[in-house]
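Everything on this sheet refers to the single structure shown next.
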Amino acid sequence: MNTKQLFIQTIGCQMNVYDSEQIVSLLKPLWYVSTDALDRADLVVLNTCAIREKAVQKAFSFLGRLAELKRKNPRMIIAVGGCVAQQEGRSMLKRAPILDIVFGTQAVGRLPGMIRRVEARRCRIIDVAVTDGVEEFDIPDADREREGASRFVTIMQGCDNFCTYCVVPYVRGREFSRRPGRILCEIEALVDAGVREVTLLGQNVNSYGKKEGLIPFEALLARINAVDGLHRIRFTTSHPKDLSPGLMSAFADLEKLCAHIHLPVQSGSNAVLNRMHRRYTREDYLEKVRRLRELRPDIAVTSDIIVGFPGESRADFEATLDLVREIEFDGLFAFMYSDRPNAPAARFPDKVTEGEKKERLQELLTLQEQYT
């Protein structure tokens, strides 16, 4: 059978990158091979992100570029997945009439079946169903041969934290962890294919297994550390409130665990942290960073910060700058706050002006440059 060309565009976080890798592998039995030539694609998959408005705009801008290609090649199949697809659902078809498939964050494993149906009947399909638990699907061993020494591995999906600025619980569902055996089998298969470093992914890896009564995250790390042929382990993202003593000790005890932790603080003001529903204080955060550096003196600490959260005063922002000076982060991802659909903070009063947010962001980045 002749091969067909797959063009996949990924916007957003590492979990989207992981999902896109799974899509490429899942579609190989349908004779799809990846291409970088958009104009020659038989199937275009857009994997989207909704965490910030800019990412949503980027997704619809890309779809706008596809309209002319679809006109020239009506048999081209266009599918949109990820968080925007989950958030918008059926309304995606109205905003982008060129779409054939809209599939949600929990529908990746069902995508091959959707494509078969569209190929056979040229129908339009929407699948944004949310289930309890993680849907596991098998990828044939032959399709695990991937280029590169480093790969992402999702260990859990969804989030139960409901930070007031965040849409993740609404677009990726509630938190569920994968079984340790499934994770280890996937990593072992990747190592057999030449992978030497894995980055474990989850919205809050620190709470891995708690809801299901599985082993704690540090125990999972210890099992992965024992995989022959694997050289390095990383993970992201960590929620400070769930950073346990056992996990901190893993940085001293596990030789394959890289000396780096991404620990998003979001703000240095307790008042803002409380409004964000982060459930830790500035003092808690500082103590955990101190302990990490005590256990692993060479550890690199990176973080996320949101500037201009509703109600953030100049004094609140100064507290954030002081925190950055005290910790001296090795790297920092900083963003201006933006209202997101369904997130409670969108309804909060006392919005900070766009001009003030831009000034604060630049001030923060200029400070961080001294330490980076």
Side-chain angles (χ1 to χ4, degrees), residues 1-36 38 41-49 76-86 99-121 123-131 133-148 150-158 171-173 176 178-179 181-195 198-202:
M1 185 172 181
N2 293 331
T3 59
K4 296 168 283 188
Q5 302 295 304
L6 163 66
F7 182 97
I8 188 160
Q9 177 80 0
T10 306
I11 301 171
C13 68
Q14 299 98 323
M15 296 188 78
N16 273 13
V17 174
Y18 175 84
D19 287 344
S20 291
E21 290 173 351
Q22 303 303 298
I23 289 169
V24 171
S25 294
L26 285 166
L27 295 183
K28 285 182 179 178
L30 276 64
W31 297 95
Y32 281 99
V33 294
S34 296
T35 180
D36 294 327
L38 180 58
D42 300 291
L43 168 63
V44 177
V45 177
L46 173 61
N47 197 356
T48 62
C49 172
M76 173 189 281
I77 299 172
I78 301 176
V80 172
C83 294
V84 175
Q86 188 71 50
L99 287 176
D100 299 287
I101 298 171
V102 177
F103 65 102
T105 54
Q106 295 189 14
V108 170
R110 301 190 290 273
L111 183 59
M114 297 180 223
I115 291 170
R116 287 191 183 96
R117 287 162 58 194
V118 173
E119 288 177 331
R121 299 194 293 274
C123 55
R124 304 178 86 189
I125 298 173
I126 302 169
D127 183 349
V128 291
V130 176
T131 58
V134 176
E135 182 181 4
E136 297 278 8
F137 46 85
D138 293 320
I139 294 175
D141 290 340
D143 294 320
R144 289 190 180 276
E145 296 175 4
R146 304 165 179 171
E147 297 179 357
S150 181
R151 309 305 294 186
F152 295 125
V153 175
T154 292
I155 65 169
M156 58 197 303
Q157 296 177 2
V171 294
R172 285 200 172 266
F176 290 98
R178 296 178 65 196
R179 298 283 169 179
R182 296 285 303 204
I183 296 167
L184 285 164
C185 283
E186 181 172 347
I187 292 172
E188 288 166 354
L190 290 172
V191 170
D192 288 344
V195 169
V198 293
T199 300
L200 310 178
L201 302 178

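We use all heavy atoms of the structure for the numbers below, so side chains are in, but hydrogens, waters and symmetry mates are not. None of these values were measured; they are calculated from a predicted model.
- Checked against Thr105 for a side-chain contact (heavy atoms from CB on, under 4.5 Å), the options Gln157, Gln86, Met15 give a single hit: Gln86.
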Salt bridge (Lys or Arg N to Asp or Glu O under 4.0 Å) between Asp19 and Arg172, worked out: CA-CA 12 Å; Asp19 287 344; Arg172 285 200 172 266; 3.5 Å; yes
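- Applying side-chain contact (heavy atoms from CB on, under 4.5 Å) to Val45 and the options Tyr32, Phe103, Phe7 leaves one that passes, Phe103.
- Under a 3.5 Å cut-off, the side chain of Thr48 and the backbone N or O of Gly81 do form a donor-acceptor pair.
- Side-chain atoms of Asp127 come within 3.5 Å of backbone N or O of Ala129 as a donor-acceptor pair.
- When all heavy atoms of Trp31 and Asn2 are compared, the closest pair comes out as CB-O, 4.0 Å.
- One distance of note links CD1 of Ile115 with CG of Leu111; it measures 4.0 Å at 0.5 Å rounding.
- Gly12 and Cys49 get closest at one heavy-atom pair: CA-CB, 3.6 Å.
- Looking at every heavy atom in both residues, Val195 comes nearest to Val198 through CG1-CG1, 4.2 Å.
- Ile187 has its side chain within reach of Leu200: a pair of non-hydrogen atoms, C-beta onward, lies under 4.5 Å apart.
- Between Phe152 and Tyr18, the shortest heavy-atom distance links the atoms O-CD1, 3.0 Å.
- Lys4 places no side-chain N or O within donor-acceptor distance of the main-chain N or O of Leu43, the cut-off being under 3.5 Å.
- No donor-acceptor pair under 3.5 Å is formed between the side chain of Asn16 and the backbone N or O of Thr10.
- Shortest non-hydrogen contact noted between Ser20 and Asn47 is OG-ND2, 3.1 Å.
- Without hydrogens or angle criteria, Arg117 side chain to Cys123 main chain gives no donor-acceptor distance under 3.5 Å.
- Leu184 contributes atom CG, which lies 11.0 Å from atom CD1 of Ile155 (distance to the nearest 0.5 angstrom).
- Rounding to the nearest 0.5 angstrom, the gap separating the CD1 atom in Ile101 from the CD1 atom in Ile126 is 11.0 Å.
- The two residues Leu30 and Pro112 make their nearest non-hydrogen contact at CD2-O, 3.7 Å.
- Listed by chain and residue number, Lys70, Ile77, Ile78, Val118 satisfy the side chain to side chain contact (heavy atoms under 4.5 Å, CB included) test with Asp100 (two or more places apart in sequence, or in another chain).
- Taking CG from Leu6 and NZ from Lys28, the interatomic distance works out to 10.5 Å, rounded to the nearest 0.5 Å.
- Side-chain atoms of Gln5 and Val33, non-hydrogen and from C-beta on, do get closer than 4.5 Å to each other.
- We find the CD1-OG distance between Ile23 and Ser34 to be 10.5 Å, quoted to the nearest 0.5 Å.
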